[in-house]
Amino acid sequence: MTIRLYDTATREVRDFVPLQEGKVGLYVCGLTVQSEPHVGHVRSAVNFDVLQRWLRHRGFEVTFIRNITDIDDKILVKSAEQGRPWYNLAYAMKIELDKAYAALNVAPPTYEPAATGHIPEMIVLIERLIERGHAYPAADGSGDVYFDVRSWASYGELTHQGVDDMEPAADADPRGKRDPRDFALWKGRKESEPATASWPSPWGPGRPGWHIECSAMAGKYLGDAFDIHGGGVDLRFPHHENEQAQSRAAGGAFASYWMHNAWITTAGEKMSKSLGNTLSIPAILERYRGAELRFYVVAAHYRSHVEFSFDALDEAAVGYRRIEAFLDRAGTGEIGALPEAFATAMDDDLGTPAAVAVLYDTVREGNRLLAAGDDEAAAEAARSVAAMLDVLGVHPADPAWAGTGSSDGEARLTAAVDALVAGLLDERTQARADKDWARADAIRDRIKAAGIEVTDTPDGPTWTVS
RNA sequence: GGUGGGUUGGCCGAGAGGCGAGGCAACGGACUGCAAAUCCGUGUACACGGGUUCAAAUCCCGUACCCACCUCCA
């Protein structure tokens, strides 16, 4: 079975053929740590986490590098506004990001390099580009170094654009650029910027341009040629176009496949740091469990635009609880065989919607078997369901959820409530045995008034917080 | 101006020439003291106008509307 992936560069779904058999080098652009993570950021992380899990499931040894950008214009501006050091802001937001990842069961990558930790690698790369005639220090003495787009004939190949068709950079400030489309590899330090935000370089003190970090880090950890490069669609241009141009101009083959996840928007507008209509992860997690949010994200195809709404999230959560309830009833969380149809869906460019459909089909079949009294077959179905949930990273029994749900205190509270409710339920069971329906319903209503839902099952009554 | 993506039933959301993905909601039925849960059943969905074809949501041409990227963005 071959995994097929949509490659942005060729605009088609292609068979995935790794550079080295059985191994995958995967690089994903992580975040610029400048504010709290929102649903959109997490979508990217979840999508690529699913990719990673699937590749591993298919037997590949995956080296997964996801960087974080901890120095850039925005961080400098925001930290100045907030009156704190830029590195403190970046560090604090990095901690928030880690929490969000953990809450959504996003597995850590092989390594998470930070831009500031790779300045020497970037300098080496910039020097090589200058030697090869693809970059030049600004003529205006600013200390900037630019990539020379005109010197690289295939510039624009990733996004299929010709240089002359591109709008010249809106930020204008041509400074020492030969062409307005040339982009900064290195930014000379400005008087207004903190000294801590600059590093020594052959061109004077300064800091890296945005794109060069990914080229340097991907090269360092994955080599000059690697398999898959991912990120959000907005990154295609300029970020990924520039990365590819730099890396190839420096002599590397760079990524074989480019994967881009689509947006999550609210009210039709993309969530963006600058629009301020962010839906932060901590805010959502106050109302939904991490697994529910993750299930919502995973149920949509990664290349489809998702219009975020709490109604849709509710729906996903309801569906997820139905799956959990089945697992509970079938009495196993053990991981079994993955249905063939599920694997086929996943192989086809991570077709999670079709995969989720198989998941639901299996749950329905399992419930049917349970009703028919075939517990053994139902357990078998449950093991399949668990296997599918595990691949998607939403298995309820995954220890990853342990920290996010009930704490020790909560567990003790649950035990206390259970003892109290049990007494009332005993009374009700007696009333029902006496066919005193009025009294039985009165007790149920009283419990319900306290916010607890009673459900009768063949094995006796159970309760849940409604 | 350039480059892409989209418009699917009450709603969410797949699919990419023939067979109604799946979910949520709704309605009917089974089960239940009643509920809940679960199962079974119920839908003439593909923006619009042409065309190709035995057959089009799917391909082609045109139109409308929406969205993204074009140097801050997941």
Side-chain angles (χ1 to χ4, degrees), chain A residues 8 11 28-32 34 37-48 72-75 77 149 156 159-172 180-184 209-211 230-239 241-242 260-265 268-275 296 299-301 303-307 309 311-320 322 325-326 329 341 345 351-361 363-372 432 435-437 440-441 444 448 453-458 461-462 464 466:
Chain A
T8 309
R11 295 173 178 165
V28 173
C29 287
L31 294 188
T32 298
Q34 52 150 51
H38 57 62
V39 203
H41 297 137
V42 153
R43 178 183 199 184
S44 178
V46 168
N47 286 158
F48 287 106
D72 90 319
D73 294 358
K74 270 274 154 75
I75 292 173
V77 170
V149 269
T159 50
H160 307 94
Q161 307 178 81
V163 178
D164 294 312
D165 293 329
M166 294 175 194
E167 278 183 4
D171 66 347
R181 295 160 193 88
D182 288 353
F183 56 90
W210 176 32
H211 319 294
V233 270
D234 55 312
L235 259 28
R236 283 176 312 192
F237 192 90
H239 189 53
E241 186 71 68
N242 290 355
H260 292 99
N261 65 278
W263 294 103
I264 288 190
T265 58
E269 286 183 274
K270 66 176 180 171
M271 262 170 235
S272 98
K273 294 164 187 170
S274 42
L275 279 176
Y296 171 61
H301 187 84
R303 285 194 285 120
S304 291
H305 166 197
V306 169
E307 172 74 17
S309 77
D311 284 348
L313 179 49
D314 268 338
E315 246 186 43
V318 166
Y320 183 68
R322 193 179 133 214
F326 165 63
R329 258 177 282 124
T352 54
V356 167
V358 176
L359 176 56
Y360 277 118
D361 285 343
V363 168
R364 197 188 329 105
E365 175 64 6
N367 274 322
R368 202 186 58 72
L369 291 165
L370 227 35
R432 291 181 72 211
K435 297 205 187 294
D436 184 351
W437 310 127
D441 290 351
R444 185 167 64 191
K448 188 173 185 170
E453 197 79 43
V454 172
T455 304
D456 294 316
T457 73
T462 62
T464 50
S466 54

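Every chain is numbered from 1 and lettered A, B, ... according to where its sequence line falls, protein lines coming before strand lines. Please read these numbers as outputs of a predicted model, since none were measured by experiment. The basis for the numbers below is simple: all heavy atoms, side chains too, and nothing from hydrogens, waters or symmetry mates.
- When rounded to the nearest whole Å, the span between CG of A/L359 and C1' of B/rA21 equals 13 Å.
- Residue A/E315 contributes atom CD, which lies 15 Å from atom P of B/rG22 at whole-angstrom precision.
- The distance between atom OH of A/Y320 and atom C1' of B/rC24, rounded to the nearest whole Å, is 18 Å.
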(message) Could you walk me through whether A/D456 and A/R444 satisfy the side chain to side chain contact (heavy atoms under 4.5 Å, CB included) test, starting with their C-alpha distance in whole Å, then the side-chain angles of each, then the deciding distance to 0.1 Å, before giving a yes or no?
(response) CA-CA 11 Å; A/D456 294 316; A/R444 185 167 64 191; 4.1 Å; yes
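- A gap of 41 Å separates the P atoms of B/rC60 and B/rC39, to the nearest Å.
- In this structure, of B/rA14, B/rC12, B/rU3, it is B/rU3 that holds the atom nearest to the side chain of A/H160.
- Here the nucleotide nearest the side chain of A/M166, chosen from B/rC70, B/rC72, B/rU3, is B/rC70.
- In summary, the side chains of A/T32 and A/Q34 do not present any donor paired with an acceptor at a separation below 3.5 Å, with no hydrogens or angles considered.
- Side chains of A/N47 and A/R43 form a contact here, defined as non-hydrogen atoms less than 4.5 Å apart.
- Taking every heavy atom of both residues into account, A/A299 and A/T352 meet most closely at C-OG1, 4.5 Å.
- Rounded to a whole angstrom, the distance from the C1' atom of B/rA16 to that of B/rA57 is 9 Å.
- Side-chain atoms of A/R322 and A/N367 form no donor-acceptor pair, as typed in the model, at a separation below 3.5 Å.
- Counting only distance, with no hydrogens or angles, the side chain of A/R236 and the backbone of A/V233 share a donor-acceptor pair below 3.5 Å.
- One P atom belongs to B/rU58, the other to B/rG18, and the distance between them is 11 Å to the nearest Å.
- Remark: B/rA35 base-pairs with no nucleotide; criterion is Watson-Crick or G-U wobble with both hydrogen-bond distances under 3.5 Å.
- A straight line from CD of A/E241 to P of B/rG2 spans 18 Å, rounded to a whole angstrom.
- Taking the six-membered ring where the residue is Trp, A/H239 and A/H211 present tilted rings, their angle falling between 30° and 60°.
- The P atoms of B/rC46 and B/rA36 are separated by 34 Å, rounded to the nearest whole Å.
- Separating the CG atom of A/D234 from the P atom of B/rG5 is a distance of 17 Å, rounded to the nearest angstrom.
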(request) For each nucleotide in nucleotides 33-40 of chain B, reading 5' to 3', give B when a protein heavy atom comes within less than 4.0 Å of its base, S when such contact involves only the sugar-phosphate, and - otherwise. (result) BBBBSSSS
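- Annotation: B/rU63 and B/rG1 have their P atoms spaced 13 Å apart (nearest Å).
- If you measure from atom NE2 of A/H41 to atom P of B/rC72, you get 16 Å, rounded to the nearest angstrom.
- A/Y320 OH to A/L359 CG: the interatomic distance, rounded to the nearest 0.5 Å, is 10.0 Å.
- Of the P atoms belonging to B/rA47 and B/rU32, the separation is 46 Å, rounded to the nearest Å.
- Per the geometry, CG belonging to A/L313 stands 15 Å off C1' belonging to B/rC11, to the nearest Å.
- The partner of B/rC65 is B/rG6, by the rule that a Watson-Crick or G-U pair needs both atom distances under 3.5 Å.
- Side-chain nitrogen and oxygen atoms of A/T159 include none within less than 4.0 Å of the OP1 or OP2 phosphate oxygen of B/rG4.
- B/rU44 is unpaired under the criterion used here, namely a Watson-Crick or G-U wobble arrangement in which both key atom distances are under 3.5 Å.
- Nucleotides B/rA45 and B/rC61, compared at atom C1', are 24 Å apart to the nearest Å.
- Relative to the side chain of A/Q161, the nucleotides B/rU3, B/rC24, B/rU71 differ in distance, and B/rU3 lies closest.
- Protein atom CD1 of A/I75 is 15 Å distant from nucleotide atom P of B/rC72, rounded to whole Å.
- For the P atoms, the distance linking B/rA21 with B/rA14 amounts to 14 Å, nearest Å.
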